[in-house]
Every structure is written in structure tokens, then in C-alpha cells.
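Structure, as C-alpha cells:
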Amino acid sequence: MTADVVVLGAGPAGLATALLLSADGHRVTVLDRDSAEPTARDGQGMSRFRQPHLLLPRGLAVLERLLPEVVAAIENSGGRRCNLLAGARAEPDRRYEAMAARRPLLEAALAVVAAHEPNIEIRRGAGVRALLTGHSRRSCVPHVRGVTTEGGETLEAGLVVDASGCDSPVSAMLGDLRRVQRSAVRTDAGFNYYSRLFRNADGSLPAQPAWLLDHHDSVSTLALPGDNGMWSLTLVVSRRDWVMRLLYEEDVWNRAAALFPELREWITYGEPITGVLTTAGPATRRRHLISEGRPSVTGLVSVGDAWATTNPMFCQGMSMALVQAELLRDALRAQADPEKIILRYEEAAQAALGPFYDTLRFWERNRLAEIYTRIRGGRFYGSAGWTTAKALEAAKLADPEVLTAMGDIGSMLVSPEEALARPGVVGRAMSLRADAPATALRRAELLGVITR
């Protein structure tokens, strides 16, 4: 059986890619190892499905422009629009509008729309065992021409799209192909996430904090509005910080969360509807299929977490996947040559998303080092770039231009380089940092309530 495109993975990245490619006339077969159909109420199993999610303005803009029927399905299932700067500005710009929707709800909306597309076939309970290879125009480069399923079926395709997530089996399959190296850059450690979901009886939400993500000494707090009248509060700690693992206990979590004055209303406004949801977030890492300016394999591309995993507290992964789906569609429109398709797509993805990935990896590496230094009782100074990052964080609510720059970066609307190159932004942040009040909670205070 031959299909124009085989997509591995029926998550948001795979389904969005299938929808955009099918709209251009490609016949798409989507394979997913999981046999269960997604529903808006899924998520009681795997911990990362139960964790809070937010679709950033960049990703929402892609959906509104290219797949408005998916946006309608999300909202019909309880997805809620929110403005990322609503807590910091009396009249926030609409371009900062995001969509509060957990992954199961978003995935279910995409699946409902995809099920009505005649050019898309979704096969659940169909894992992939191996990649089919054939002849390439360059003898030294393998060409992927399809896949073999775990059931032994052969599916040939003009293009295979790996959308099977951070645990993609494709890396191992590629390792079996001679001369192919699929490198991944990762950090030394990662973060643990301790979340609770809340709901008020009347469906209303508490007042939004001035900034949804704040970083304190050893702990970051993430307050997210949610779908169907829910909201969440997450405490994020270093995986190396063993004492913080006590946060999985509800009493400990409650005592620690109550230390943050700006978040107390988020705890007391409604009732918790879950215990402490615990998960270990993926390390920030990037997988490469380009070596020395040339593809190391043709006929295969990656989207979503198979392309790069990012720190979940910044909520960038879903938006990255949607941007990649559009870029892949554009590459197929522009090129027919297998090698040129890969190059065009990878170059476009790097230009659009590489700056966000690089900035996040820089932040994560320094943040983990900072926390680890504090665990040992020292003080972390870092590079000049880290000093600038800390100044921007401290000054964002004190200066409207700094706030705009941070809002643009956090929403993925403008690259970090472009936002920080605006006249006076960095200079004002550096000067304001010295006068900014010390609002970050100290490690000693946290340890006092966690270990008592």
C-alpha cells in the first residue's frame, strides 16, 4: 500500500501536520502505537497528560489562521482564552491571547477534525517496527521510503514524518542505518513538577497574577488558567534537589505553596480537585538530521518533541509543533527533490524556532547550576548573559518596554535577539534591577516549611 505521507504519532504534532498536508492534497496515513481514542476527559494515566498545558499566542495564531475549525472544537470542549499580560496591564494587547487547554482536550479536538478529512487515515494500535530504505540520489545518504509496522505490514511513502514524541523509537531505527548519526544535545539534569488542579463551584477563576511564571530561590511557580473552569498551580524544582521531593505530599505542597503571597488566592479561591500530580519533565534537547550542511538521511523529517524537547514550564512545545507543521507544508509546496525538502524545512525550522530553543537551553543550564550552587550553600554568578536574564526578570513589571519585550519572547511572537535589541530595553532592565524590591522567596524559608 502506498501513501504520500506516513506520520508516526497521533498526538497534537502528528495530527496538526496531517491536517495541513492533507489540505494540500497529500494522502496521509497516521500510525500510533496507542490503541485508545483521545477524549477531552483523558489524562488519568500518563503523568504528563495530566499536567497543565497552555497554547501560547504563537501557536494559537497558527491554528486560527490555518485550522479555525480546531479552535472552535477546543472552545466547544471547554478551552478558555486568556491573555498572558492580563495581570500586568489594565488593557493588554490581544496579540498576547493564549488558549488554556490541557493536552487531552487539544488532542481530542484535532482528532475529531482529522476524522472527517478524506485524505487522512488514522490507525491506532499500530506501532512501527522498522524504517524502509531505498536508493538515494547521493549514494552515501540513506533514503527512507516507508515503514514496517509491528504487525508486519509495509507502508511506502514519499515522506515519513516522525511525530512520535520525546521517546521516539526512530532514533534507534536510524542508528541501525550505516553512516547515519542522529545527535541530541541535552542538559545534565532536569526538573521535577508538582502540580495541583483547582476549581470553583461557579466556574469562575481567581484573579490572574501579574506574571504567570516566577523564579525563586530553588523553586519556580507556574500559575495557569485551565479549561472547563479549572486552574493549576505548579511548583518546579531541580531533580537534584532531593529534599524538595517531599512536595509530593499534599500537606507539604500546601505549606510550601502558601508561602507565595501572590498565589494564595489561587489556593483558597476554590477547592483542589486532584492530589499532587508529579512528573519529571524532559530535558531540553535537540535532535539533528543535518550534518555539515547536508541531510544525513532523506525521506524523513521530525516535528514536535521528536525535533526538540523543551522545558515544560515555558509551554513552548505545542506552539513549536504547530509552527513546524506549517513550515513542512511550505517546504513540500516549494520542493520536490527529497534532499531539498529536508534542507528547506530544517533551515526554516532553525530560523523560526532555533533562537527560542537556544535561549531556553541557556536559561535551563544556568538555572540548574544556580539551584545546585544554592543547595551546596554557595552563590551562583554566571555569565554576563545570565546577569542580563536575571535583570530582565526582575525589571519586567517595573518598565512597560521591558514588559513588552518579555511578553513578546514568552509568547514566542518575537525572537529573543530581536526583542532585546530594541533601544534601551537591556539598559533599563540593568538599571532597574538595582532598585527592584527583593520579592524572591529564599531557600531557607522553603526548607523551614518542607522539612518541619
Side-chain angles (χ1 to χ4, degrees), residues 13 48 51-59 84 96 98 165-166 183-193 211-216 219-222 224 234 236-240 279-288 302-324 327 346 348-372 380 382-394 396 402 405-421 425-426 429:
R48 68 173 176 267
Q51 291 292 332
H53 283 80
L54 186 73
L55 182 60
L56 294 179
R58 177 76 174 271
L84 298 187
Y96 298 115
C166 58
S183 60
V185 178
R186 66 178 70 224
T187 54
D188 293 333
F191 294 89
N192 287 336
Y193 299 77
W211 196 258
L212 299 179
L213 175 64
D214 280 319
H215 307 292
H216 299 263
V219 172
S220 296
T221 61
L222 178 62
L224 292 180
T234 303
V236 188
V237 301
S238 169
R239 205 169 295 162
R240 289 184 176 183
T279 189
T284 298
R285 65 184 182 183
R286 170 82 183 276
R287 299 180 177 95
H288 297 276
S302 300
V303 297
D305 285 351
W307 186 85
T309 53
T310 56
N311 193 304
M313 76 176 90
F314 292 90
C315 304
Q316 293 183 350
M318 208 83 76
S319 292
M320 281 193 173
L322 293 171
V323 171
Q324 289 160 357
L327 294 176
E346 289 288 348
Q350 173 60 32
L353 303 173
F356 294 100
Y357 170 84
D358 293 339
T359 298
L360 184 53
R361 183 167 175 261
F362 167 82
W363 181 91
E364 186 173 82
R365 184 172 61 246
N366 282 272
R367 175 62 170 167
L368 288 168
E370 178 183 66
I371 294 175
Y372 191 52
F380 181 75
S383 63
W386 184 242
T387 300
T388 300
K390 298 284 282 186
L392 291 163
E393 179 70 26
K396 63 182 181 292
V402 176
M406 294 291 282
D408 286 346
I409 296 170
S411 301
M412 294 184 67
L413 297 175
V414 177
S415 73
E417 292 88 344
E418 183 180 347
L420 299 186
V425 168
V426 173

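Positions are given from 1 along the sequence. The figures that follow rest on heavy atoms only: side chains count, while hydrogens, waters and symmetry mates do not.
- Considering only heavy atoms from C-beta on, L55 comes within 4.5 Å of S319 through its side chain.
- Contact between R287 and G165 at its shortest, heavy atoms only, is NH1-O, 4.2 Å.
- Looking at residues two or more places apart in sequence or on another chain, you find a side-chain contact (heavy atoms from CB on, under 4.5 Å) between N366 and F362, F380, W386.
- The two residues R286 and E346 make their nearest non-hydrogen contact at NH2-OE1, 3.9 Å.
- Under a 3.5 Å cut-off, the side chain of T387 and the backbone N or O of S383 do form a donor-acceptor pair.
- A search for side-chain contact (heavy atoms from CB on, under 4.5 Å) contacts involving K396 returns W211, D214, E393, V402, M406, not counting sequence neighbours.
- For Y372, there are no side-chain hydrogen bond (donor to acceptor under 3.5 Å, both in side chains) partners at least two apart in sequence or on another chain.
- A distance of 4.0 Å separates CD1 in I371 from CZ in R367, rounded to the nearest 0.5 Å.
- Rounded to the nearest 0.5 Å, atoms CE (M320) and CH2 (W307) are 6.0 Å apart.
- Scanning for side-chain contact (heavy atoms from CB on, under 4.5 Å) contacts around A98 gives L54, P57, C82, L84, with sequence neighbours left out.
- Closest of all the heavy-atom pairs between R58 and M412 is NH1-O, 2.8 Å.
- The side-chain hydrogen bond (donor to acceptor under 3.5 Å, both in side chains) search around E417 returns none, not counting sequence neighbours.
- Rounded to the nearest 0.5 angstrom, R240 CZ and N192 CG are separated by 12.5 Å.
- The side-chain heavy atoms of F191 and V237, taken from C-beta on, include no pair separated by under 4.5 Å.
- With rounding to the nearest 0.5 angstrom, the OG1 atom of T221 is 10.0 Å from the CE atom of M313.
- At least one side-chain heavy atom of L413 sits less than 4.5 Å from a side-chain heavy atom of Y96.
- Under the 3.5 Å distance criterion, the side-chain polar atoms of Q324 are matched with a main-chain donor or acceptor of G304.
- Counting heavy atoms from C-beta outward, V219 and V236 have side chains that stay 4.5 Å or more apart.
- In this structure, L360 CG and I409 CD1 are separated by 12.0 Å, a value rounded to the nearest 0.5 Å.
- F314 is linked by a ring pair (Phe, Tyr, Trp, His ring centres under 6.0 Å) to W363, counting only residues two or more places apart in sequence or in another chain.
- Residues P355 and E418 have side chains not in contact (no heavy-atom distance under 4.5 Å, counting atoms from C-beta outward).
- A 4.5 Å side-chain heavy-atom check between L420 and L392 finds at least one atom pair inside the cut-off.
- Residues S411 and L56 have side chains not in contact (no heavy-atom distance under 4.5 Å, counting atoms from C-beta outward).
- L368 and S238 make their closest contact through CD2-OG, 3.9 Å (heavy atoms, listed as atom of the first residue, atom of the second, distance).
- In this structure, the side chains of E370 and R365 stay at 4.5 Å or more apart for every pair of heavy atoms.
- With rounding to the nearest 0.5 Å, the separation of SG in C315 from CG in L224 is 5.0 Å.
- In terms of modelled atom types and a separation under 3.5 Å, the side chain of R361 and the main chain of T310 share no donor-acceptor contact.
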